[in-house]
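Step one of this worksheet: look at the structure below.
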Amino acid sequence: MVRLASLRYAPVALAGIVFLALVVGACAPDPSTTLISPDMPPEGAEEEFVPPTPTPLPDITQLTEEEIYAGLPEEIAALMPGDPARGAELAQLNGCVGCHSLDPNQTAIAPSWANMANLAVTRKPDMGPAAYLYESIVDPDVYVVDGYSAGIMPSNFGEILTPQDLADLIAYLLTLRGE
Ligand code: HEC
């Protein structure tokens with residue numbers, strides 16, 4: 001009886017084994033493909049892979065006054081820290097704001113001034129931010145911001161504006177920190 005019963009179930013058991021073999025076969029990893037995980041070290045790396053630290057955003061608050069004003073012509077440096085409120089008025093009176101917006105998304109004509117102070121820190125790494133701003137105003141074609149052309153910004157502001165005007169404009173631009 002026992003033997004008969006087991007024989008009767010033999011085909012079922014066999015089918016079960018075949019089914020299992022198929023399932024396991026289908027799920028087994030394909031040895032021809034390499035598993036790629038973002039945490040895996042690049043091929044050939046011997047030491048543990050450390051993802052690169054993101055470069056910290058430029059921050060003018062980390063600079064000393066001396067570093068901020070480094071490289072300004074003496075005549076202008078003597079007038080710093082200047083008057084930012086008067087600088088803002090001069091930006092209106094001289095038409096700067098006709099091209100430069102404080103809205104970070106308004107960049108069609110000229111770079112936005114939304115984060116001008118921090119950008120001035122990095123535009124020319126060897127130059128202090130105030131000196132960069134000074135040069136950008138009196139000689140705008142020396143450094144042309146990526147994506148723009150030379151010759152759009154008037155190059156005669158150095159003649160029109162007094163040293164006090166320039167100092168105040170720079171003082172104003174140094175307050176624009178993207179907040
Ligand atoms: C006719 C449009 C126009 C006017 C007016 C204008 N600018 Fe510009 N300005 C530009 C353009 C275009 C650039 C980018 C090209 C370059 O770097 O020279 C620029 C660049 C600058 C930069 C460098 C910006 C950066 O992101 O590095 C500063 C600072 C600046 N201008 C200040 C001024 C000031 C201050 C005035 C007014 C006294 C002024 N601009 C008037 C068009 C203008």
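Whatever order the structure lists them in is the order used to number ligands and atoms, beginning at 1.
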Record the part of [X] in heavy-atom contact with ligand 1 below 4.0 Å; permitted values are side chain, backbone, both and neither.
X	answer
Leu133	side chain
Ile137	side chain
Pro154	side chain

Quick one: does [X]'s side chain get under 4.5 Å of [Y]'s, heavy atoms only?
X	Y	result
Met116	His100	no
Val138	Leu161	no
Asn118	Leu176	no

Is there a polar contact between ligand 1 and [X], counting only N or O atoms under 3.5 Å apart?
X	result
Tyr143	yes
Trp113	no
Val145	yes
Pro111	no
Arg123	yes

* What do you reckon, does Gly98 put a non-hydrogen atom under 4.0 Å from ligand 1? -> no
* Heavy-atom gap Ala91 to ligand 1 smaller than 4.0 Å -> no
Answer yes or no: is there a donor N or O on one side and an acceptor on the other, between the side chain of [X] and the main chain of [Y], under 3.5 Å?
X	Y	answer
Asp141	Gly151	yes
Ser112	Asp103	yes
Glu67	Thr64	yes
Asp139	Val142	no
Asp168	Asp83	yes

* Asked: Who's the nearest protein heavy-atom neighbour of atom 28 (C) of ligand 1, and how far?
  -> Ser136 CB, 3.7 Å
* Structure fact -> Checking heavy-atom distances from atom 15 (C) of ligand 1 to each of Tyr132, Tyr148, Tyr134, the winner is Tyr148
* Asked: Just going by heavy-atom distances, which of Ala120, Pro140, Cys99 is nearest to atom 3 (C) of ligand 1?
  -> Cys99
* To do: Compute the angle centred on atom 8 (Fe) of ligand 1 spanning SD of Met153 and NE2 of His100, and express it rounded to 10 degrees.
  => 170°
* Structure fact -> Here the gap from Asp165 atom CG to Asn94 atom CG, rounded to the nearest 0.5 Å, amounts to 7.0 Å
* For atom 8 (Fe) of ligand 1, does an N/O/S atom of Cys96 lie at less than 2.8 Å? -> no
* Under a 4.5 Å side-chain heavy-atom rule over Ile, Leu, Val, Met, Phe, Trp and Tyr, are Leu174 and Leu102 clustered together? -> yes
* Shared ILVMFWY cluster between Ile160 and Ile152, side chains joined below 4.5 angstrom? -> no
Suppose I only count heavy atoms of [X] and a 4.0 Å limit; which atoms of ligand 1 are within that range?
X	answer
Met116	24 (C), 25 (C), 26 (O), 27 (O)
Ile109	12 (C)
Ile152	1 (C), 12 (C)
Gly95	5 (C)

* To do: Kindly assign one of parallel, tilted or perpendicular to the pair Trp113 and Tyr172, based on the angle between their ring planes and the thresholds 30° and 60°.
  => perpendicular
